[in-house]
Colleague: 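Structure in structure tokens, see below.
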Amino acid sequence: MASQIMEKLPEAAVAFDRRGYVTYMNRAAEKLLGFDSSGELHSSRLFLPGSESEDVVSFPARVKAVEKEAVVVSRSKSRIPVLVRMARVSCPGLDAVAFLKPTAARRAEQHRRIDRLASIGELAAGVAHEIRNPLAGIGTSAQVLRSRFAKDDERVKFADVILDEVDRLEKIIENLLLFARPKQPQLVKHDMRDSVERTLNLVREQAEKQEVKVQNRSEDELPEVYVDPGQMSQVLLNLILNALHAMPSGGKLALELKVVRKRMPASGGRRKTDVKPAGPARAVKFVRVAVSDTGHGIPKQNLSKLFTPFFTTRSGGTGLGLSISQAIVREHGGSISVSSREGRGTKVTIDIPVEKRHGERR
Ligand SMILES: Nc1ncnc2c1ncn2[C@@H]1O[C@H](COP(=O)(O)OP(=O)(O)OP(=O)(O)O)[C@@H](O)[C@H]1O
Ligand SMILES: [Mg+2]
């Protein structure tokens, strides 16, 4: 009966028994995966293990239902990214049913978006480059004018305004170029605590002025990581300045460093044929730096826009701080994430892989 219903569904549906073996696939699933339901196919062979899909691969008894992105491996060994919705059912001989929806279309859309962003970046960089020279001309002329006025001449004030604004524009241009053409990191073995301390020293005065308390904690045994220390300081500065901007009338800024282990796909996804055996996921070590503030927080509807270039809610902001930080962290093989509660505060976390080969991407 259940199988008759499943057969009619347009979506790929797979049923599993208690040991995780496939007991049934509808036609859509057979078409997607190339298997038929007669073989002894185990869920751990069907689903490629990954940090996000652990629940799907093993589907432990305590879990009643999951909805996750995962990768399934077809009979011809091709990897198909899917959205899995799996639910426990209590039918005789049947333990769980999974519905698989390929996410290729969604991925293609994401790629198009990345391409679009890349060309926006290129365009912005081109414009920025063109603005640089005339801007330098304006700056030098204002400086010459200023030097020709007597010190108490009120026109000095106007020349100073020009010079300040030229400075500001130059900084924006620098950021734009940095975002559009990120520099290859020069990796050296480095203690992230040094970057944190150095960056905190730069903002200490500002924090004091705003009555923001600064806390800096770290695990004693923090391994060194392969990073470009200058770029790391830049990321931290962006995050810390964002935190300070969110606390104009005081609060607490906390930096915390520790080691975390994340489960990553065992095969590393290097070769297409590398799928068998799907095997246990590998725990990979990361140094995690968390920057937390007790500021105004981020409204839910803005959370998904934070890493979009030029997204800003600050009048003086360019909206590039987080985009640049994300580009740098990714270039190091790491990741960055944000959690926030409006009115309570925000926590931005960066994870940097401890092993060097993860920092040698691209
Ligand atoms: N710690 C934080 N607390 C509250 N809002 C934040 C925090 N960090 C980022 N945001 C929000 O995300 C937006 C984008 O941040 P991002 O650093 O990319 O740009 P910006 O700070 O506005 O400008 P820029 O960094 O280029 O000077 C901010 O305008 C702000 O709305
Ligand atoms: Mg910023």
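We count ligands from 1, going down the list as the structure has it; atoms in each ligand are counted the same way.
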Colleague: Where does the angle between the aromatic ring planes of Phe16 and Phe47 fall among parallel (under 30°), tilted (30 to 60°) and perpendicular (over 60°)?
Modeller: tilted
Colleague: I'd like to know if Lys285 pairs up with Glu355 as an ion pair, taking the criterion as any Lys NZ or Arg NE/NH1/NH2 lying under 4.0 Å from an Asp or Glu carboxylate oxygen.
Modeller: no
Colleague: Using a 4.0 Å cut-off to any heavy atom of Leu306, which atoms of ligand 1 qualify?
Modeller: 11 (C), 12 (O)
Colleague: For the residue pair Leu9 and Asn26, what are the closest heavy atoms and their distance?
Modeller: O-ND2, 3.6 Å
Colleague: Which atoms of ligand 1 are found less than 4.0 Å from any heavy atom of Ala246?
Modeller: 3 (N), 4 (C)
Colleague: Is ligand 1 less than 4.0 angstrom away from at least one heavy atom of Gly319?
Modeller: yes
Colleague: Could you check which of Asp293, Val338, Leu322, Val348 puts a non-hydrogen atom nearest to atom 1 (N) of ligand 1?
Modeller: Asp293
Colleague: Select one of side chain, backbone, both or neither to describe which atoms of Ile298 lie under 4.0 Å from any atom of ligand 1, heavy atoms only.
Modeller: side chain
Colleague: Measuring from non-hydrogen atoms of Leu320 to any atom of ligand 1, is the shortest distance under 4.0 Å?
Modeller: yes
Colleague: Could you enumerate the protein N, O or S atoms under 2.8 Å from the Mg ion (ligand 2), written like residue then atom name?
Modeller: Asn242 OD1
Colleague: Counting non-hydrogen protein atoms only, what is the nearest one to atom 17 (O) of ligand 1? Give residue, atom name and distance.
Modeller: Asn242 ND2, 2.8 Å
Colleague: Does the distance from a Lys or Arg side-chain N to an Asp or Glu carboxylate O, for Glu165 and Arg168, drop under 4.0 Å?
Modeller: yes
Colleague: Checking a contact table here: which protein heavy atom is nearest atom 14 (C) of ligand 1, and how many Å away?
Modeller: Phe311 O, 3.3 Å
Colleague: Identify the closest protein heavy atom to atom 30 (C) of ligand 1: which residue and atom is it, and at what distance?
Modeller: Thr313 OG1, 3.4 Å
Colleague: Around atom CZ of Arg88, are there more than 12 heavy atoms from other residues, nucleotides or ligands closer than 6.0 Å?
Modeller: yes
Colleague: If you count heavy atoms of other groups shown closer than 6.0 angstrom to CD of Glu205, is the number above 12?
Modeller: no
Colleague: Provide the number and element of each atom of ligand 1 under 4.0 Å from a heavy atom of Thr312.
Modeller: 20 (P), 22 (O), 29 (O)
Colleague: Do any nitrogen or oxygen atoms of Asn175 lie less than 3.5 angstrom from nitrogen or oxygen atoms of ligand 1?
Modeller: no
Colleague: For ligand 1, which atoms have a heavy atom of Thr318 less than 4.0 angstrom away?
Modeller: 23 (O), 24 (P), 26 (O), 27 (O)
Colleague: Taking 4.0 angstrom as the limit, do Arg217 and Glu256 come out as a salt bridge?
Modeller: yes
Colleague: Roughly how far apart are Ser218 OG and Asp220 CG, rounded to 0.5 Å?
Modeller: 7.0 Å
Colleague: Which pair of heavy atoms, one from Val354 and one from Glu224, lies closest together, and at what distance?
Modeller: CG1-O, 3.9 Å
Colleague: Pull out every atom of ligand 1 sitting under 4.0 Å from any heavy atom of Gly317, numbered as shown with elements.
Modeller: 23 (O), 27 (O)
Colleague: After noting the C-alpha distance and the side-chain angles of Lys101 and Glu11, does the key distance pass the salt bridge (Lys or Arg N to Asp or Glu O under 4.0 Å) rule?
Modeller: CA-CA 7 Å; Lys101 193 174 183 182; Glu11 204 165 328; 5.8 Å; no
Colleague: Have a look at ligand 1 and work out which part of His245, if any, has a heavy atom under 4.0 Å from it: side chain, backbone, both or neither.
Modeller: neither
Colleague: Which value, rounded to the nearest 0.5 Å, describes the distance between Asp17 atom CG and Asp95 atom CG?
Modeller: 7.5 Å
Colleague: Any luck finding a side-chain donor-acceptor pair between Asn201 and Arg198 under 3.5 Å?
Modeller: no
Colleague: Within the 3.5 Å criterion, strictly below it, is a donor on Asn238 or Ser325 matched to an acceptor on the partner's side chain?
Modeller: yes
Colleague: Within the 4.0 Å heavy-atom shell around His296, which atoms of ligand 1 are there?
Modeller: 4 (C), 5 (N)
Colleague: For Leu135 and Ile173: C-alpha separation, side-chain torsions, deciding distance, then whether side-chain contact (heavy atoms from CB on, under 4.5 Å) applies.
Modeller: CA-CA 10 Å; Leu135 197 61; Ile173 285 172; 3.9 Å; yes
Colleague: May I ask which of Gln326, Met247, Arg314, Lys305 has a heavy atom nearer to atom 20 (P) of ligand 1 than the others do?
Modeller: Arg314
